[in-house]
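The block underneath contains the structure these notes are about, expressed in structure tokens.
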Amino acid sequence: MLELNEVFETNKMVSHENLDVRTITMGISLLDCCDSDLNTLCDNIYRKIVTSAKDLVRVGDEIGLEYGIPVINKRISVTPIAIVGSSACKTCDDFVKIAETLDKAAVEVGVNFIGGFSALVQKGMTPADEMLIRSLPKALSGTERICSSISLASTKTGIDMDAVKLMGTIVKEIAEATKDKDSNGCSKLVIFCNPADDNPFMAGAFHGVTEADRVINVGVSGPGVVKTAVSKVKGENFEVLCETIKKTAFKVTRVGQLVAKEASRKLNVPFGIVDLSLAPTPAVGDSIADIIHEMGIEYVGAPGTTAALAILNDQVKKGGVMASSYVGGLSGAFIPVTEDSSMAYAAEIGSLTIEKLEAMTCVCSVGLDMIAIPGDTTASTISGIIADEMAIGMINQKTTAVRLIPVVGKGVGDYAEFGGLFGRAPIMPVNKYSCEDFINRGGRIPAPIHSFKN
Amino acid sequence: MSRTIITLVGKDHTGIIAAVCNYFAENNINILDISQTTVQEYINMMMIVDLSKYTKEFPILVSDLDAVGKKVGCSIKAQHEEIFDMMHRI
């Protein structure tokens, strides 16, 4: 029989510590929509999404009410559009038309984001891949709810440096196309190495080609819950600290597992995975930087930060894996700068730099995420930062990502404001020396050796 | 059997539990278990109830309890039992 304190502990997590289910994401395969005629393709895509996801938002809200746990976002991920549109699209504008169709479908079913305006080019680009990439400035500035991800590298194939070079230019063009909103178009584009096919979190969600026709993936959250738990073991040794995080992650993930199963049952769509990621929001107390602070680091970025983040990431996985029957996606701690108010503060006072963030990405779940940089940063420097991050993912056999925002018209000392879940942050300084000759070489970086690990 | 957890938090005074129980009696909701503590004039109460004879929709129960809560100056929530079982039992 349940105890009074257990019931109140759960409800306190929701009311005081921001426990929520961050997203129920329905993955929808669009492979059966393919057609060589663009209008037919767009009709097929619209019809499939609207039919498949018509009850998604209602069911998400219903579950939230029945269990007393907020389900914040209801979202959709689709098959990478570069594949779906490859036979119909002859120009970049054709891809923009697909983006507009997706946007219209998202509005119709009431989801706030739809991910999968994506291309997987880790070994080379097809003409369709390149057209989709070149359509991004127009597609992301002309739509509201589209998220894009481009995969440029993997451990098995190496890094496509031609695509890395192109993406540096494209990121700048997206920034320019959305300059009246602090270049926020860049916040809807993730550049990946080793992407996850079943990631429910935006902006990097897409429905991989190895997935079933439709699937329900759930992303849990709860940095505030972990922070509160860690604050209760102040001064205790690492064994106690690790056990505490592990137990808390177990509890948080169980909620995700329950919601995922229930959503799957009510929507009659197979359950895919629970993503164990700790995803911060700009809300006070909903921060990864605050957890690191509670672990004993004055401000995130100080020496010890990477070790603290490694502990956090690993213990979250250890606790979460037992709590769910299928774990997937990115599963770890996210370290977006603008979306985490304490992270943004650490950047403002100079404790957190891009170089330290790069080191942190070696041990956490994603990468250089939501970092505002000066608008006059060159395309080749952006490509260089992307190449560095791709190399970390490739060599360490993990997912890494880059979501940089060169804010047009702003420089170090200014603040970028994105509003809502995207938050705000100071413009961070970037190393001013050039990597242009390196980026201009062109070609591919070969896949790494899988032995002699040191 | 559809088991639901009712939680109530608020400043203690006479008639709080009576108001909640009256609502349950009127709506064919059977109480299976009650536990409560009072700390410094504040009441924390939990009930396990059976909704199998309750004929209305769950969202109506939630909003009705909200109205009862407002009348007696407390916050009353209804949640399916499973969320607590999942979190606290392996």
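This is a predicted model, so every value here is computed, not measured.
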Problem set entry | Proximal to chain A - members of residues 7-25 of chain B, heavy-atom separation under 4.5 Å | B:Thr7, B:Leu8, B:Val9

Relative to chain B, which segment of [X] carries a heavy atom at a distance below 4.5 Å: side chain, backbone, both, or neither?
X	answer
A:Val7	both
A:Tyr67	both
A:Glu9	side chain

Exercise. Does a donor on one side chain and an acceptor on the other come within less than 3.5 Å for B:Lys56 and B:Asn27?
Worked result: yes

For this session: Determine whether the side chains of A:Thr228 and A:His16 contain a donor N or O and an acceptor N or O closer than 3.5 Å.
Result: no

Exercise. Is atom CG of A:Asn237 surrounded by more than 12 heavy atoms (other residues, nucleotides or ligands) closer than 6.0 Å?
Worked result: yes

Problem set entry | Neighbour count above 12 (heavy atom, 6.0 Å) for B:Lys77 NZ | yes

Exercise. Yes or no on side chain to side chain donor-acceptor pair (under 3.5 Å) for A:Thr25 and A:Asn217, after CA distance, side-chain angles and deciding distance?
Worked result: CA-CA 5 Å; A:Thr25 303; A:Asn217 297 323; over 6 Å; no

So which of [options] has the largest heavy-atom pair count under 4.5 angstrom toward chain A?
options	answer
B:Ile90, B:Asp85, B:Asn44	B:Asn44
B:Glu81, B:Glu82, B:Met87	B:Met87
B:Met46, B:Met86, B:Arg89, B:Met45	B:Met86

[X] side chain to [Y] backbone, donor-acceptor under 3.5 Å:
X	Y	result
B:Thr38	B:Glu41	no
A:Ser277	A:Ser331	yes
B:His80	B:Thr4	no

For this session: Side chain from CB out, backbone as N, CA, C, O: work out which of these in B:Ile48 comes under 4.5 Å of a heavy atom of chain A, or both, or neither.
Result: side chain

For this session: Take A:Arg22 and A:Asn73 through the test side chain to side chain donor-acceptor pair (under 3.5 Å) and record every step on the way to the result.
Result: CA-CA 6 Å; A:Arg22 187 53 50 82; A:Asn73 296 304; over 6 Å; no

